[in-house]
Participant: 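If you scroll down you'll find the structure; I have some questions about it.
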Amino acid sequence: MAKLLEQNEAYAHFMLAIAKSVERSPEKSTLVLQWRAALERQDYPRYRQSLQEAAGDLGLQRLNDQKLNSIHARYRVRWAKALEKLAHDADFDHEIRLRAEWALLADTSGALIVSASNVMEALGLSPGPQVARALRLAQVLREFHPDDSADQLLQRLSVQWVAVRQ
């Protein structure tokens, strides 16, 4: 127990020395801003709050706490890594909100009833980024026409693909 107290005291002295060093530094204001930004990036409760607010704004109130917690757990490490790369003066709340909205949209969109190969055949596409764009368009069409069969969805996609490409 005495050894633990001794280590704790040494750590407290070390932290005090750091604080005094920052206080004396001509770059004090910059150091404080950088430290605050670093702490904010690890503020997981803010991630969860942003996720809840985004769910409400996107009309996803039906998502219960268990589902929101699941989404939060799945994405929070990825969010933290992305936020680490931002400048210390970036708008943290805006950036986490964008990521929360993206995660909600990705997790709540229904499964497509057509595959990449179906899309390539219907649109005459070769494998590549165009196929991903076409599948995203198919997702949007599916949202508007959830009762369509696979053939109906591919037909709508063909019409919209031609319209978008012109």
Side-chain angles (χ1 to χ4, degrees), residues 15 22 29-166:
M15 293 304 295
V22 168
S29 59
T30 301
L31 292 171
V32 169
L33 286 174
Q34 289 173 342
W35 183 252
R36 183 174 290 130
L39 290 174
E40 284 181 337
R41 292 161 208 266
Q42 302 302 317
D43 190 357
Y44 297 131
R46 286 178 62 194
Y47 293 4
R48 180 66 165 75
Q49 178 185 355
S50 188
L51 195 59
Q52 284 178 310
E53 290 169 0
D57 289 351
L58 295 174
L60 299 171
Q61 293 89 347
R62 72 183 189 285
L63 296 179
N64 60 26
D65 282 341
Q66 181 180 4
K67 178 66 175 172
L68 288 174
N69 287 336
S70 172
I71 293 169
H72 178 245
R74 201 166 32 263
Y75 289 97
R76 74 178 189 177
V77 171
R78 186 180 317 173
W79 294 340
K81 286 180 182 178
L83 294 169
E84 282 176 7
K85 297 174 185 170
L86 296 175
H88 74 276
D89 58 348
D91 185 348
F92 175 82
D93 290 323
H94 176 74
E95 294 294 333
I96 193 62
R97 177 58 184 259
L98 290 175
R99 284 157 179 81
E101 289 173 0
W102 179 87
L104 285 165
L105 290 173
D107 265 46
T108 59
S109 64
L112 275 176
I113 57 174
V114 295
S115 67
S117 61
N118 299 139
V119 169
M120 288 187 291
E121 183 180 328
L123 302 179
L125 298 175
S126 298
Q130 294 287 54
V131 176
R133 289 184 190 98
L135 282 170
R136 284 194 289 275
L137 179 56
Q139 283 180 310
V140 171
L141 292 170
R142 183 79 172 148
E143 289 281 328
F144 284 103
H145 306 281
D147 297 327
D148 276 2
S149 67
D151 289 337
Q152 289 170 317
L153 179 58
L154 288 171
Q155 180 60 39
R156 283 186 202 281
L157 180 60
S158 295
V159 170
Q160 292 300 318
W161 188 255
V162 169
V164 168
R165 304 303 296 164
Q166 293 179 358

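Residues take their numbers from the sequence shown, with the count starting at 1. What you see below is based on every heavy atom in this structure, not just the backbone, and it leaves out hydrogens, waters and symmetry mates.
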Participant: Just jot down the side chain to side chain contact (heavy atoms under 4.5 Å, CB included) partners of S70, sequence neighbours excluded, or say none.
Facilitator: R74
Participant: Nearest 0.5 Å please: distance from the OG atom of S117 over to the CG atom of L125.
Facilitator: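 Taking OG in S117 and CG in L125, the distance rounds to 12.0 Å.
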Participant: Would you call the rings of Y47 and W79 parallel, tilted or perpendicular, taking 30° and 60° as the class edges?
Facilitator: perpendicular
Participant: Can you tell me how far CG of L51 sits from NZ of K67, rounded to the nearest 0.5 angstrom?
Facilitator: 10.5 Å
Participant: Between CG of L83 and CD1 of I96, what distance do you get to the nearest 0.5 Å?
Facilitator: 5.0 Å
Participant: Is there a side-chain contact between L154 and L123 in this structure, where contact means two heavy atoms from C-beta onward sitting under 4.5 Å apart?
Facilitator: no
Participant: Please list all pairs passing the salt bridge (charged side-chain N to carboxylate O under 4.0 Å, His left out) test where one or both residues lie in residues 133-143, with sequence neighbours left out.
Facilitator: none
Participant: Return the set of residues passing side chain to side chain donor-acceptor pair (under 3.5 Å) with Q139 (not counting sequence neighbours), or none when no residue passes.
Facilitator: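 Checked Q139 against side chain to side chain donor-acceptor pair (under 3.5 Å); zero matches.
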Participant: With distance as the sole test, does N118 use its side chain to make a donor-acceptor pair with the main-chain N or O of V114 at under 3.5 Å?
Facilitator: no
Participant: With sequence neighbours excluded, tell me which residues meet side chain to side chain contact (heavy atoms under 4.5 Å, CB included) with D57.
Facilitator: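 Here the qualifying residues are R97.
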Participant: Just by modelled atom types, is the S149 backbone N or O under 3.5 Å from a matching donor or acceptor in the Q152 side chain?
Facilitator: yes
Participant: Does any non-hydrogen side-chain atom of N69 lie less than 4.5 Å from one of R48?
Facilitator: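 A side-chain contact exists here, since the closest heavy-atom pair is under 4.5 Å.
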Participant: Residues in side chain to side chain donor-acceptor pair (under 3.5 Å) with S158, at least two apart?
Facilitator: none
Participant: Got a second to check how far Q52's CD is from H72's NE2, nearest 0.5 Å?
Facilitator: 9.5 Å
Participant: Salt bridge (charged side-chain N to carboxylate O under 4.0 Å, His left out) with E95: which residues, sequence neighbours excluded?
Facilitator: R99
Participant: For D147, which residues count as a side chain to side chain contact (heavy atoms under 4.5 Å, CB included) partner, sequence neighbours excluded?
Facilitator: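 With neighbours one apart ignored, the set is empty.
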Participant: Taking only residues at least two apart or on different chains, which pairs with a member in residues 119-131 satisfy salt bridge (charged side-chain N to carboxylate O under 4.0 Å, His left out)?
Facilitator: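 Checked against salt bridge (charged side-chain N to carboxylate O under 4.0 Å, His left out) - neighbours excluded - no pair reaches residues 119-131.
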Participant: Over all heavy atoms of both residues, which pair between A103 and I71 is shortest? Give the atoms and the distance, please.
Facilitator: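 Taking every non-hydrogen atom into account, CB-CG2, 4.1 Å.
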Participant: How close do A138 and L153 get, heavy atom to heavy atom, and via which atoms?
Facilitator: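 In this case the closest contact between A138 and L153 is O-CD1, 3.8 Å.
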Participant: Going by salt bridge (charged side-chain N to carboxylate O under 4.0 Å, His left out), name the residues that satisfy it together with D91, two or more places apart in sequence or in a different chain.
Facilitator: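 Result, salt bridge (charged side-chain N to carboxylate O under 4.0 Å, His left out) vs D91: none returned.
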Participant: Please report the closest heavy-atom contact between I113 and D148, naming both atoms and the distance.
Facilitator: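 Looking at all heavy atoms of both residues, the closest pair is CD1-O, 3.4 Å.
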Participant: Can you name the residues that form a side chain to side chain donor-acceptor pair (under 3.5 Å) with E53, not counting sequence neighbours?
Facilitator: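 For E53 the side chain to side chain donor-acceptor pair (under 3.5 Å) partners, ignoring immediate neighbours, are Q49.
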Participant: R78: what forms a side chain to side chain contact (heavy atoms under 4.5 Å, CB included) with it, not counting sequence neighbours?
Facilitator: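 Counting only residues at least two positions away or on another chain, R78 forms a side chain to side chain contact (heavy atoms under 4.5 Å, CB included) with Y75, W102.
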Participant: Taking all heavy atoms of L104 and all of A55, pick out the closest pair and write down the distance.
Facilitator: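 For L104 versus A55, the nearest heavy atoms are CD1-N, 3.4 Å.
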Participant: Can you run down the ring pair (Phe, Tyr, Trp, His ring centres under 6.0 Å) pairs that involve residues 111-147, sequence neighbours left out, and say none if there aren't any?
Facilitator: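 Not a single pair qualifies under ring pair (Phe, Tyr, Trp, His ring centres under 6.0 Å).
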Participant: Do the non-hydrogen side-chain atoms of M120 and S126 ever get within less than 4.5 Å of each other?
Facilitator: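 They are not in side-chain contact.
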